[in-house]
Amino acid sequence: MSFEKYYTVFKAYSDIYSNEYKKRIKTLEPLLLKHMTPRGKVLDLACGVGGFSFLLEDLGFDVVALDSSESMLEKARKFAKDKMSRVEFVKGNAENLPFEDNSFEYVIFIDSLVHFEPAELNVVFKETARVLKPGGKFILQFTDLRELLPVLMSGQVVGTEYWISRVLPDPEEKTVVIEFQSENDHFRIRFNVWGRTAVELLAKLYFRQLHSEKLNEHSYFQVYTPK
Ligand code: SAM
């Protein structure tokens, strides 16, 4: 099953006007403002439907947004039209960025690690360091799925319409298949399991960490600069 179904079902990622999406923006906006000075050119990497691109545009940044999913980009472009936004939405792969070296003051990468296997994330980080200007900032937000796994396995409900009915990690817990169930539907998605330590070890190859903070029990906000 593709991620598209997951994103269609969970408004926190697909509807910028939903309370769930707004809640994510409300949590991150003060942190972005604090760490993104001065204004400059931003790449919203794996932008999804673009909520964070629009936020940064409204705050005075010059934003380019990239995602590999046509259906997410289609939604993003619809929202952009509604909002009369000038954000440029580009279809592309985070592992092979269609941008020159030293193009951006900032790259933001929000809530997207679960899509990438270790070798893939290595290339994404390398590409990110390449397109950032010297002294630029890489802003990373992620859920520590390794920490969250026991909680998920204890059967706690997420969402209102759908709940988690099965959690099936592979023996090494590198990936986990999660089954979502509603009254009349169910689907399964495989996520890559990233823990904070693994993320930091990989990031160390290309970046120096400037800041790290825990947003809530299992989520981190981190700022890096290219080495
Ligand atoms: N950053 C956005 C946000 O916070 O709303 C979107 C997050 S969404 C959870 C993850 C996004 O990563 C999806 O839109 C998906 O299409 C995108 N994605 C997955 N693999 C990708 C890749 N290889 N290159 C670019 N985008 C990718």
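Note that ligands are numbered from 1 as they come in the structure, with each ligand's atoms numbered from 1 the same way.
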More than 12 heavy atoms of other residues, nucleotides or ligands under 6.0 Å from CZ of Arg39: is that the case?
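Yes, enclosed.
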Taking atom CD of Glu217 as the centre, report whether more than 12 heavy atoms of other residues, nucleotides or ligands fall under 6.0 Å from it.
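No.
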Has [X] got any heavy atom lying under 4.0 angstrom from an atom of ligand 1?
X     : answer
Arg24 : yes
Gly92 : yes
Gly51 : no

Using distance alone, decide if ligand 1 has a nitrogen or oxygen within less than 3.5 Å of any nitrogen or oxygen in [X].
X      : answer
Asn93  : yes
Ser68  : yes
Ala46  : yes
Tyr21  : yes
Ile110 : yes

Quick one: which of Phe116, Tyr6, Tyr7, Tyr13 has a heavy atom closest to atom 10 (C) of ligand 1?
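Nearest option to atom 10 (C) of ligand 1, by heavy atoms: Tyr7.
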Could you state the interatomic distance from CG (Leu45) to OG1 (Thr128), rounded to the nearest 0.5 Å?
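The CG atom of Leu45 sits 5.0 Å away from the OG1 atom of Thr128.
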Do you know which two heavy atoms are closest between Arg77 and Lys91, and how far apart they sit?
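Taking every non-hydrogen atom into account, NH2-N, 4.3 Å.
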Considering all heavy atoms of both residues, which atom of Asp15 and which atom of Val49 are nearest to each other, and what is their separation?
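In terms of heavy atoms, the two residues are closest at N-CG2, 4.4 Å.
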Is it true that the NZ or CZ of Lys41 lies under 6.0 Å from the centre of Phe104's six-membered ring and within 45 degrees of the ring axis?
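Lys41 over Phe104 ring: yes.
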State, without any angle test, whether Asp170 and Thr175 hold a side-chain donor-acceptor pair at a distance under 3.5 Å.
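There is such a pair (donor and acceptor under 3.5 Å, judged by atom type) between the side chains of Asp170 and Thr175.
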